[in-house]
Amino acid sequence: VKTAVEGCRKSPRADNLLLRLITFNTERQEVHGFKPLNAVDSKAYKPFKPHGMTALFDATYDAVTATLRYAKMLVEQDFDVNAAIYIITDGWDNSSTVGPRHIAEEIRAAYREETVENLITVLIGVNTQDATVQKALQDFKDEAELTQYLAARAATPQKLAKLADFVSRSISVQSQA
């Protein structure tokens, strides 16, 4: 996350980027709400300590709905809004209260209501060597109508650096759109 944030700072549109960070296991915790990128102190982020169950659907729904609410507020103030949501998980959902169709409904409504001009949603599976987990994540991506699924099968420093580079490049492209 730190590397991705630092990569985003290099974007020519960095002054126009907002960032919200939530973590999740059984429950979701907002590390911070939407902040201008230049106000984010990524050095203050603490290492993640995964434990408990995985409320993947709930966390994704939270990310999508919060982003779209904030986007609607910005649109009402005459801003054009593009959004990118990255969901990073080390497992499939096993404790959510909402399902993938709820997420898909929110995404479709955002386009119907013109809340955002463009929205990309990227699901990233980290340490997902197990074919069953990979299939479950791909199925979730399809059912929730997310834009893309990436499998980072082994969370080595090199793979995580490539992942951070992908995130910062795609945010740069999205912000220029």
Side-chain angles (χ1 to χ4, degrees), residues 1-2 4-5 8 17-35 45-75 81-155 159-160 163-164 166-168 170-171 174:
V1 172
K2 289 177 186 179
V5 169
C8 291
L17 298 179
L18 299 172
L19 177 73
R20 175 180 184 247
L21 179 62
I22 65 170
T23 60
F24 65 96
N25 48 38
T26 307
E27 298 177 3
R28 296 167 313 284
Q29 179 180 11
E30 186 174 63
V31 176
H32 60 76
F34 290 99
K35 283 179 147 180
Y45 293 158
K46 295 183 172 49
F48 299 125
K49 295 183 180 174
H51 65 281
M53 306 294 274
T54 303
L56 175 61
F57 303 162
D58 286 351
T60 303
Y61 184 80
D62 178 305
V64 168
T65 57
T67 299
L68 297 176
R69 268 194 316 270
Y70 201 83
K72 185 174 184 174
M73 183 185 72
L74 291 172
V75 167
V81 178
N82 291 314
I85 299 172
Y86 298 88
I87 308 107
I88 303 171
T89 184
D90 65 350
W92 67 42
D93 184 89
N94 55 17
S95 70
S96 288
T97 58
V98 300
R101 72 177 175 82
H102 298 102
I103 298 161
E105 289 168 3
E106 290 294 321
I107 292 170
R108 284 192 301 264
Y111 284 114
R112 200 173 44 252
E113 297 166 12
E114 299 180 353
T115 305
V116 292
E117 290 191 26
N118 193 21
L119 170 66
I120 62 169
T121 49
V122 182
L123 175 63
I124 302 165
V126 177
N127 279 347
T128 54
Q129 293 96 341
D130 185 300
T132 306
V133 173
Q134 289 180 41
K135 173 139 179 32
L137 293 176
Q138 182 64 51
D139 289 348
F140 169 51
K141 177 256 177 203
D142 294 340
E143 292 169 23
E145 299 178 20
L146 304 178
T147 309
Q148 187 174 1
Y149 168 61
L150 297 173
R153 288 176 176 76
K159 289 209 179 196
L160 292 175
L163 179 60
F166 165 81
V167 170
S168 65
S170 66
I171 286 175
Q174 183 73 345

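Atoms considered below: every heavy atom in the structure, side chains included; atoms not considered: hydrogens, waters and symmetry mates.
Atoms OH and CG, on Y111 and L68 in that order, are 9.0 Å from each other to the nearest 0.5 Å. Atoms CD and CG, on Q29 and L21 in that order, are 9.5 Å from each other to the nearest 0.5 Å. For the atom pair CD1 (I124) and CD1 (I88), the distance works out to 4.5 Å, reported to the nearest 0.5 Å.
A donor-acceptor distance shorter than 3.5 angstrom exists from the side chain of T89 to the backbone of G91, with no hydrogens or angles considered. For the pair T147 (side chain) and V122 (backbone), a donor-acceptor distance under 3.5 Å is absent. In this structure a side-chain-to-backbone donor-acceptor pair under 3.5 Å is missing from N118 to N82.
In this structure the side chain of E105 reaches within 4.5 angstrom of the side chain of R101, judged on heavy atoms. For the pair L17 and C8, the minimum side-chain heavy-atom distance is below 4.5 Å. Within the 4.5 Å cutoff, the side chain of L146 has heavy atoms near those of the I107 side chain. Side-chain contact between F140 and D93 is absent, with no heavy atoms from C-beta onward closer than 4.5 Å. Under the 4.5 Å side-chain criterion, counting only non-hydrogen atoms from C-beta, F57 is not in contact with T97. Within the 4.5 Å cutoff, no side-chain heavy atoms of V31 are placed close to those of V1.
Within 6.0 Å of NZ on K135 lie no more than 12 heavy atoms contributed by other residues, nucleotides or ligands. Atom CD of E114 has 12 or fewer neighbouring heavy atoms from other residues, nucleotides or ligands inside a 6.0 Å radius. Environment of CD in E30: crowded, with over 12 heavy atoms of neighbouring residues, nucleotides or ligands closer than 6.0 Å.
In this structure F34 satisfies the ring pair (Phe, Tyr, Trp, His ring centres under 6.0 Å) test together with Y70, sequence neighbours excluded. Every residue was checked against the ring pair (Phe, Tyr, Trp, His ring centres under 6.0 Å) condition with Y149, not counting sequence neighbours, and none meets it.
Minimum heavy-atom separation, W92 to T54: O-CB, 3.3 Å. A pairwise comparison of heavy atoms in F24 and A55 identifies CD1-O, 3.9 Å as the closest pair. Considering all non-hydrogen atoms of both residues, T115 and K72 come closest at CG2-N, 3.5 Å. Closest approach of L137 to L123, counting heavy atoms only: O-CD2, 3.4 Å. Here the closest non-hydrogen pair linking N94 and M53 is OD1-CB, 3.3 Å.
Within the structure, salt bridge (Lys or Arg N to Asp or Glu O under 4.0 Å) contacts touching residues 45-67 (residues at least two apart or in different chains) are R20-D62, R28-D58, R28-D62.
Looking at V98, T67, T65 one by one, the single match for side-chain contact (heavy atoms from CB on, under 4.5 Å) with E106 turns out to be T65.
Note: Y45 and H32 have parallel aromatic rings, judged against thresholds of 30 and 60 degrees for the angle between ring planes.
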